[in-house]
Amino acid sequence: MSRRILIAGNWKMNSAPEGACTESSVYHSTEHVDVAVFPTFLDLEECIAAGILTGGQFGHPEAHGAHTGDISMAMLKDNGCSMVLCGHSERRDHHKETNAHVAQQAKAALEVGLHPIVCIGETEAEREHNEQEDVIRRQMADLPLNADITIAYEPVWAIGTGNTATPEQAQEIHALIRSLLPEERTESTRILYGGSMKPSNAQELLLQPDIDGGLIGGASLEPEAFGEIIAIAEQLSQDN
Ligand code: 13P
């Protein structure tokens, strides 16, 4: 496979795990696997200083202004971030981020030289009504798919629930996502899976042809578990 696996840890509103922001922690890229973390804004600097690929969990599309509690893409970039999450389902839900706003975020990130990881995925109710494909199409419609971005498929019903999508369910949506990319980006765009990924299911998910890595919440806060997932990804990459 030509795409390098990316294993990303989304720490959400949790402090950095003890010892994580150091040069010897497991949160560093390996020979064949890119590893990144998304800490709270307070821990960004320490992760960056430790040489870890680091991103913001959110960035406002405007450069500055009256947006209490927010931080801009430009500020993230100026402070050493290389990536940013756009449209995580918790932001879409709790902060009412729309598909249009998420697309603006991704475009603003690209403009300042940040790599956007755009999160998409259906809710439990949408899957029950078999609407997942329509949801994915709508969520991708305005995205700058011609640019170098990463997509993370995170079915909302799998996040933090322990209910991982089966490899078949995930692969089906990942293949759909890839089919919606412009031809020149089909092979190069990474598509991550997120939703209760852990050492016990990482291998079967990462073996799917259109799954290029993981966006990991809970297990990324446990250095040992996160390290195991990285080791699985490294082994799979070496076997390829
Ligand atoms: P969990 O791995 O805890 O299910 O979280 C996934 C996620 O939301 C990553 O962005």
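All ligand and atom numbering here is 1-based and tracks the order in the structure.
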Show me which atoms of ligand 1 lie under 4.0 Å from any heavy atom of [X].
X: S196; answer: 1 (P), 2 (O), 4 (O)
X: G195; answer: 4 (O), 6 (C)
X: A158; answer: 4 (O)
X: G160; answer: 1 (P), 3 (O), 4 (O)

Subject >> From I230 atom CD1 to S237 atom OG, the distance as rounded to the nearest 0.5 Å >> reply: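 That separation rounds to 11.5 Å.
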**OP:** Using the salt bridge (Lys or Arg N to Asp or Glu O under 4.0 Å) rule, take E228 and K198 through it: C-alpha gap first, then chi angles, then the decisive distance, then the call.
**Re:** CA-CA 9 Å; E228 274 179 57; K198 44 189 180 257; over 6 Å; no
**OP:** Give the single entry among E90, M197, K12 that approaches atom 5 (O) of ligand 1 most closely by any heavy atom.
**Re:**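 Checking each option, the heavy atom nearest atom 5 (O) of ligand 1 is found in K12.
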For [atom], grab the closest protein heavy atom and report residue, atom and distance to one decimal in Å.
atom: atom 2 (O) of ligand 1; result: G217 N, 2.9 Å
atom: atom 7 (C) of ligand 1; result: E154 OE2, 3.2 Å
atom: atom 3 (O) of ligand 1; result: G218 N, 2.8 Å

**OP:** Check N10 against ligand 1 and report side chain, backbone, both or neither, counting heavy atoms closer than 4.0 Å.
**Re:**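 The part of N10 near ligand 1 is the side chain, not the backbone.
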Subject >> Backbone or side-chain N or O of H88 under 3.5 Å from ligand 1 N or O >> reply: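 In this structure, H88 places an N or O atom under 3.5 Å from an N or O of ligand 1.
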**OP:** Please confirm whether I216 comes within less than 3.5 Å of ligand 1 when only nitrogen or oxygen atoms on both sides are compared.
**Re:**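 Not met; the criterion fails.
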Subject >> Any side-chain donor near an acceptor of the partner, Q57 and W11, under 3.5 Å >> reply: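 No, because no side-chain N or O of Q57 sits under 3.5 Å from a partner of the opposite role on W11.
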Original post:
For E45, does the CD atom sit with more than 12 other heavy atoms under 6.0 Å from it, leaving out its own atoms?
Top reply: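 Counting neighbours around CD of E45, 12 or fewer heavy atoms of other residues, nucleotides or ligands fall under 6.0 Å, so no.
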Original post:
Can we say D212 and R4 salt-bridge, meaning some charged N sits less than 4.0 Å from an Asp/Glu carboxylate O?
Top reply: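 The answer is no: the pair does not qualify as a salt bridge.
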**OP:** Before accepting this row, confirm whether a basic side-chain N of the pair E97/R92 lies closer than 4.0 Å to the acidic partner's carboxylate O.
**Re:**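 Looking at E97 and R92, the cut-off is not met.
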Original post:
How are the rings of H174 and Y193 set relative to one another: parallel (under 30°), tilted (30 to 60°) or perpendicular (over 60°)?
Top reply: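 Tilted: the ring planes of H174 and Y193 meet at 30° to 60°.
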Subject >> Considering all heavy atoms, the nearest A170-L205 contact >> reply: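 What the structure gives for the nearest pair is CB-CD2, 4.1 Å.
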